[in-house]
Amino acid sequence: MKCLELQNQDSEEVLYDSQLDLQEIVFVIQSQSNSFHMSWAERQRADLLQQTQSLTQTPPPVLLLHSLTDNEGDWSILPLLPYFSSLFGKNSSWLVFLEEETNVKVTKLLQALRKFDRRKEWFLGKPLHDEESTIIHHYAFAENPSIFKYPDFSAAWALSIPLLDRLANKVRDDPLKSDFTIDLKHEVALYIWENGQGPRLTAVPELCTEPEHSPTAQHCATTLRRPAPLCGEPVKKEDIFVAVKTCKKFHSERVPVVKKTWEREASLLEYYSDHTDPSIPTIDLGVPNTERDQVQAMEMPWHGEVRGVVIEGRIFCSLLAPPPEPYMHFLPQRGHCGKTFAILERYISDAVPKTSWLLVVDDDTLISLPRLHMLLSCYDPSEPVCLGERYGYGLGQGGYSYITGGGGMVFSRAAVVRLLASDCKCYSNDAPDDMVLGMCLNALGLPVTHSSLFHQARPEDYSRDFLAHQVPISFHKHWNIDPVAVFNRWLKDESMSTSPHGLNKSTKEEL
């Protein structure tokens with residue numbers, strides 16, 4: 001085999017592998033168990049296979065992640081590594097992961113992969129980095145956050161088979177122990193890096209997040225189909241009921257922000273509190289607010305370099321630097337499980353108008369309702385849809401997924417009816433509502449549907465390059481920001497019929 005030595009962006013020696021065939025690449029589409037997402041992934045698979053056919057090559061394996069096993073945690077990738085290794089370790093060279101919106105130019109991708117010696121360990125992708133240490137990454141690399149690179153999944157990312165095989169053995173020999181899966185792309189990179197013992201992410205310029213038809217994407221092997229889907233007419237205001245959770249102590253601090261920013265776009269909205277305030281107005285559901293989680297956290301001492309917060313006897317997160325705010329900001333929103341279930345009961349009662357969709361948010365959630373209306377055009381409310389930013393708990397040990405509450409939790413009426421018809425309830429009024437709902441959904445076999453457009457944290461807590469190709473729907477927290485200014489910059493559209501970056505009816509994607 002003739003090889004030509006080249007230099008990649010990190011000045012590491014690589015080899016030009018002219019004999020790599022397309023059938024040696026295993027494509028894994030990070031698909032989801034929802035009819036819209038399954039249709040999108042099937043179209044993506046068909047496109048890949050059609051390109052292969054036009055090249056008159058043997059088709060590569062193209063897998064849909066949601067359909068591989070019955071394990072709820074498959075979306076977290078790491079538990080599946082032994083599965084991939086056993087099936088493809090002998091006859092393949094690369095495992096390439098794609099998100100549903102990733103468009104692939106197969107010929108250019110093959111050319112890009114040929115620059116790397118498949119006999120070595122490679123972790124390839126488009127690198128992201130943190131500008132400052134962030135809660136969603138447990139304040140890792142606090143002294144120099146930008147030093148650690150992790151892949152933008154939208155651009156695709158790849159593992160060479162030698163690296164896959166070693167990681168698979170590691171998973172088999174040392175079962176995954178991390179309790180929480182919060183930002184998968186960062187956590188996968190940390191696992192692979194292995195405290196400096198494993199490879200760092202190698203940047204591949206051909207893996208891009210440019211729009212599909214952008215003139216700047218001519219060199220790209222991957223692009224994005226569009227910023228976000230629109231599958232028909234946006235859902236009407238009158239078909240979404242909005243529930244805002246608040247409490248007396250925040251009536252004068254947080255509720256005014258909601259009223260200044262996004263409340264006007266809601267046709268049906270109620271504020272739920274522990275105190276009736278006619279001036280807002282709020283509704284007291286008879287569930288008292290609690291500070292128990294905050295008190296527990298404030299009593300937790302911090303020791304050495306590894307620090308944590310204990311909730312219900314478990315460490316919620318471990319940090320590498322002192323927290324820049326009171327410990328309570330690391331916690332889910334003080335439980336409120338009893339309040340959330342009372343909202344669900346009220347939603348299906350005759351006390352409120354009947355709608356297809358329920359949105360539950362915190363009083364410090366910033367959200368674009370017009371963008372949500374467009375996103376929901378892709379989902380069937382007759383299905384049990386539970387939509388938002390997906391987190392995981394104990395996924396390596398058969399745990400469950402849940403929609404993190406701060407970014408907003410969206411439920412179809414069908415999902416709420418199924419939830420309340422079950423025996424699943426709060427184990428205490430102040431239990432973490434989003435996690436309890438996740439346990440309920442898991443027990444019922446109902447999928448949690450992820451959208452990266454919902455955000456549990458502030459814009460500052462995400463990579464600038466990651467947000468650059470998004471039209472976000474929500475952010476969360478008022479800490480150390482001007483929330484009105486954040487809303488105006490990130491979530492406010494000039495008109496209700498047209499949002500930024502060309503998101504309008506002309507982008508409609510009929511499925």
Side-chain angles (χ1 to χ4, degrees), residues 32-35 66 69-76 179-181 241 243 245 270 272 274 283-290 292-293 296 311-314 316 331-352 354-362 379-406 408-450:
Q32 301 188 65
S33 298
N34 170 274
S35 61
H66 79 275
T69 75
D70 294 329
N71 179 24
E72 163 60 23
D74 283 356
W75 65 268
S76 63
D179 280 349
F180 286 89
T181 301
F241 186 85
K245 297 182 299 177
E270 289 183 341
Y272 299 107
D274 56 346
I283 296 173
D284 184 356
L285 294 171
V287 181
N289 210 56
T290 176
R292 188 183 75 169
D293 287 348
Q296 246 184 320
I311 308 173
E312 302 294 337
R314 302 190 303 268
F316 177 68
L331 305 176
Q333 280 287 308
R334 288 178 303 285
H336 297 329
C337 190
K339 184 183 292 183
T340 299
F341 270 76
I343 291 171
L344 299 180
E345 294 280 3
R346 182 174 173 84
Y347 173 69
I348 65 168
S349 74
D350 295 331
V352 300
K354 185 175 181 179
T355 66
S356 297
W357 298 100
L358 169 66
L359 167 65
V360 181
V361 294
D362 295 336
Y379 295 93
D380 182 352
S382 67
E383 295 179 10
V385 179
C386 306
L387 174 67
E389 184 179 16
R390 177 181 55 194
Y391 281 8
Y393 177 74
L395 296 179
Q397 300 87 36
Y400 56 89
S401 305
Y402 63 97
I403 298 300
T404 182
M409 299 184 288
V410 181
F411 303 95
S412 65
R413 175 169 289 272
V416 176
V417 170
R418 288 282 299 277
L419 276 166
L420 295 180
S422 71
D423 293 328
C424 198
K425 301 186 184 304
C426 303
Y427 57 82
S428 66
N429 277 339
D430 57 357
D433 56 349
D434 47 9
M435 297 182 71
V436 171
L437 286 168
M439 287 187 281
C440 293
L441 295 173
N442 186 58
L444 291 168
L446 300 181
V448 164
T449 302
H450 173 70

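Count residues from 1 along the sequence. Since we're looking at a predicted model, the values are computed, not measured.
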Plane angle bin for Y272 and F241 - parallel if under 30°, tilted between 30 and 60°, otherwise perpendicular: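 Rings of F241 and Y272: tilted, 30 to 60°.
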Aromatic plane relationship, Y391 with Y402 - under 30° parallel, 30 to 60° tilted, over 60° perpendicular: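 Taking Y391 first and then Y402, their aromatic rings stand perpendicular (interplane angle over 60°).
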Minimum heavy-atom separation for [X] to [Y], with atom names?
X    : Y    : answer
C386 : A415 : SG-CB, 3.8 Å
N71  : T69  : N-OG1, 3.1 Å
A243 : L358 : CB-CD1, 4.3 Å
K425 : C440 : N-SG, 4.5 Å

Criterion side-chain contact (heavy atoms from CB on, under 4.5 Å) on V360 and Y347, from CA distance to verdict: CA-CA 11 Å; V360 181; Y347 173 69; over 6 Å; no
Residue that, paired with C337, satisfies side-chain contact (heavy atoms from CB on, under 4.5 Å) out of N429, L437, D433: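 Only match with C337 under side-chain contact (heavy atoms from CB on, under 4.5 Å): D433.
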Spacing of CG belonging to L395 relative to CD belonging to E72, to within rounding of 0.5 Å: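 Rounded to the nearest 0.5 Å, the CG-CD separation comes out at 7.0 Å.
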Value rounded to 0.5 Å, distance of OG1 in T340 from CZ in F411: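 Answer rounded to 0.5 Å: 8.0 Å.
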Test log, rule side-chain hydrogen bond (donor to acceptor under 3.5 Å, both in side chains), inputs E383 and S412: CA-CA 7 Å; E383 295 179 10; S412 65; over 6 Å; no
Polar side-chain atom of H450 near backbone of R390 as donor-acceptor pair, under 3.5 Å: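 It does hold such a pair.
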